[in-house]
Every structure is written in C-alpha cells, then in structure tokens.
Protein chains: 2
Amino acid sequence: MQQQRVRVTPQDDTVAANFRAVIEGHGGRWTRERLAILQVIREMRGHFLPEEVEQRLRKRGHRISLTTVYRNLPLLVEAGIVRRACVSEEKRGGGSSYEHIFGQEHHDHLICAHCGLRVEFSYPAIDVLQEAVAQSYGFKLERHHLELIGCCPDCQKRACRTRRREAT
Amino acid sequence: MQQQRVRVTPQDDTVAANFRAVIEGHGGRWTRERLAILQVIREMRGHFLPEEVEQRLRKRGHRISLTTVYRNLPLLVEAGIVRRACVSEEKRGGGSSYEHIFGQEHHDHLICAHCGLRVEFSYPAIDVLQEAVAQSYGFKLERHHLELIGCCPDCQKRACRTRRREAT
DNA sequence: TTTCATGCAAATACTTTGCATAAGC
DNA sequence: GCTTATGCAAAGTATTTGCATGAAA
C-alpha cells in the first residue's frame, strides 16, 4: 500500500491519448473515472478480472463501481490497451479475464496443460513469419496472439502421463 | 435436413476411443447420449456453442438436455476432441464457444478486427519454430493456438480507418 | 445547459448443482 | 444390484440494462 504512486512511462501520453481517441470517437467524454481505471490497469501485470480492477481502484481510494469497469473495458480493448485473454489461459469457470498489453513488451505464452504454469516468451522469428502469412492473405497485421500448450519440464519429470492421444 | 448421415472418416474409431478412454479414466460409462453428442460434434465445423450442440441433437431426433452437453464438454476437451475457443474469436458477449479439433486438419486463424472475417490457414514453418521455442524452455509441445488479428483486404479497401494507434 | 457517465438495483444470460429416475456394467 | 448419467428445476455467477443523478463540454 506504499507504492501508491503511478508508474509513469514514456508511453503514458500515448496510452491516454489512444483511450481518449476511442472515447471521443464514440462521442464520449473524458472522465475522472476513466482516468482512474486507465491508471490502475496500466499497473496490472498478467491477467486480471474486471472485479480485480474495481478492488484496486478501491484500495487507491477511488469508489468506482464494477458496472463502470465493465462499461469501459470494451473501450480499452478497442484502444488496444488491453485484450480479452484466451480462455485456455484461464483458471476455469467464471469470468473472462483481460490482459494489459499496450506499452508492455509483446510476449506470447507457453502454458503447461498439466500444472497451469505460464511462461512468457517472445521470439522475433515467429513474428516475421506471421507477417508473411498475413501478407499472403492480403491482411494488414495489427497484432497476434500465440499460445503454445504442452508439458513443462517439472511435469515431465513427474512422469506426468495424462491422457495419451494419438494426434494425427 | 437431408444430410443426416454421419460423415465417417478413418479416425472415427480413434476419436471414439479417446473419448471412451477419458470417460473410463474417470470411472464413467459409455452412454447413448455421449455417443450422440460425439457424433454431432464431429460434424461441427468452425466454432459452436453448447446450445448449438443441443439444437443439432434435437434435429437429429435426440432429446438430450443442455445440461448433459455442458457436463460432457469438459471430457471432450480432455480427450482432445474439442477445445474452448479463444474469446477474441467470439462474436461477443455471452457464452464460451468450442471448436472441433480432432481429426480436423490443424489450422490457425486470421481474424479481421473490423468485420470479424475469419480465415483459416496453416503454415508449417511457423509450427517448426514453435517447436523450437518450446524445446528451448524444456516444454514438450502438445498443441498450439495462434491468432493473427488485423485488417482484411476488403476492410482496407473500404478505407476502413478505425482507431489508428501508434503501436510501439 | 445539454448530453453523456455513473451508481445502484433489477434483469439477463450462462453455467453449475441437487435430486429422483433411468441406464450402464 | 450397485453406481454413474441424465433431465428437470433451482441455484449460482457473470455481465448487462434502466433510470435518476452528477459531471463534462
């Protein structure tokens, strides 16, 4: 609770500007609540639930309703600041999680299907090929999302033999 | 409604066997409902909702409850026959969709962020690199999931200028 | 001031659970 | 026969919506 201060980075202005641009594009307004939500989300690392955003806001002294968080998340997605996380990355069950992406180093995920371990990595060579694929279909690539799902070293050691499946 | 017949493929036995193996691994039983669900799902192309499975079952004369579909979906996932689709692939809002994967040619998706167009592709060279990444982290790769999100040719022509964002 | 955002409560939508009955093994 | 699966209804969550009030522009 002693690191209340906002971590200011060079992208700060850009991020806020993106958000504002989206909001104004919808004929919307720049409110204190939106600023607060943006700030809190910018500090988020990894995946988060809408409810966690609300809790963090509360810890910082803001009293912003969960409804408002819900209402703004789509705008943040549209602004490219967060994305909805893939279900296979989720614990299971309930709500959809989001991930803060803008201004973060882009990364993809290695996920252990057995223990749930998530490792972030980035591998430029793959990015290059992705660009090639997109071009061959005439797409202009904006972003991508890659998950490699397998068995992590520990689970392998653990003689982790789950369902064997004779994949084609 | 005239193509009621099951599209039998060489993998039929394997698919059913995988499903049965998972079921039996849980001390479960092989029921007519499970067979019917499996058959219907095997005919599914693209993404589908639990509710769509139930509707198709009904069209085929089965009267299997949505609850049962829900109860079996996790087993089908465990058997590697379907996977939960990524949220960013969904229309929006509501439920989680699934995708039939086993026995299907593996493919990834190119998704247009503007009109929602989804194109399937496969690109072996990327797969090779993914394997390399996994190995470098000691992971044994089981499957992967890649989405390339961008602007499709049509939307580009349409001078589709949505939110411009100065990605880092 | 005019319009949009917010908060609260109510409504929805999706998914899970409890229990009696039917069905595998 | 013993145990698990199913169907139905009820319960739970997650998310959205309606409306009065407060806040931007």
[atom1] of [X] versus [atom2] of [N]: gap in Å, rounded?
X      : N       : atom1 : atom2 : answer
L35(A) : dA25(D) : CG    : C1'   : 17 Å
R34(B) : dA23(C) : CZ    : P     : 15 Å
W30(B) : dT6(D)  : CH2   : C1'   : 16 Å
E24(A) : dA24(D) : CD    : P     : 14 Å
H62(A) : dG7(C)  : NE2   : C1'   : 16 Å
R32(B) : dA23(C) : CZ    : P     : 7 Å
R58(A) : dG7(C)  : CZ    : P     : 11 Å
E33(A) : dG7(C)  : CD    : C1'   : 10 Å

Checklist entry - Side chain of I64(B): nearest nucleotide among dG7(D), dA25(D), dT16(D)? => result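 The nucleotide sitting nearest to the side chain is dG7(D).
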Item to check | Nearest-nucleotide pick for R29(B), side chain only, options being dT6(C), dG7(D), dG24(C) | outcome: dG24(C)
Item to check | Pair H107(A) and H145(A), ring centroids less than 6.0 Å apart | outcome: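 Not close enough - the centres of the two rings lie 6.0 Å or further apart.
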Item to check | Residue list, side chain to side chain contact (heavy atoms under 4.5 Å, CB included) with Q135(B), at least two apart or on another chain | outcome: E131(B)
Can a donor-acceptor pair be found, under 3.5 Å and without considering hydrogens, that links the side chain of [X] to the backbone of [Y]?
X       : Y       : value
E52(A)  : L49(A)  : yes
R71(B)  : L66(B)  : no
Q156(A) : C151(A) : yes

Item to check | Position toward the 5' end of DNA chain D (nearest nucleotide), P50(A) or I37(B) | outcome: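 This one resolves to I37(B).
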Checklist entry - So which one's nearest nucleotide on DNA chain D is more toward 5', R63(B) or G27(B)? => result G27(B)
Closer than 4.0 Å, any side-chain N/O of [X] to the OP1 or OP2 of [N]?
X      : N       : value
T68(B) : dG7(D)  : yes
Y70(A) : dT15(D) : yes
T31(B) : dT6(D)  : yes
N72(B) : dA5(D)  : no

Next on the checklist: Do F48(B) and V82(B) make a side-chain contact, defined as non-hydrogen atoms from C-beta onward lying under 4.5 Å apart?
Outcome noted: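 Yes, side chains in contact.
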Checklist entry - Does the side chain of H144(A) come within less than 4.5 Å of E147(B)'s, by heavy atoms? => result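 Side-chain contact under 4.5 Å: no.
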Next on the checklist: Once you apply a heavy-atom cut-off of 4.0 Å, does T67(A) come out as touching a base, just sugar-phosphate, or nothing?
Outcome noted: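 The residue T67(A) makes base contact.
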Checklist entry - In degrees, rounded to 10°, what is the bend between the two ends of the helix from dT1(C)-dA25(D) to dC25(C)-dG1(D), using five pairs at each? => result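 One end's axis against the other's: 40°.
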Checklist outcome for this item: Given the options E54(B), H62(B), Q55(B), R58(B) meets side chain to side chain donor-acceptor pair (under 3.5 Å) only with E54(B)
Next on the checklist: At less than 3.5 Å, do the side-chain atoms of R71(B) and the base atoms of dT6(D) form a donor-acceptor pair?
Outcome noted: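 There is none.
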Next on the checklist: Quick check on DNA chain C: between R20(B) and L66(B), whose nearest nucleotide comes earlier from the 5' end?
Outcome noted: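 It is L66(B), whose closest nucleotide lies nearer the 5' terminus.
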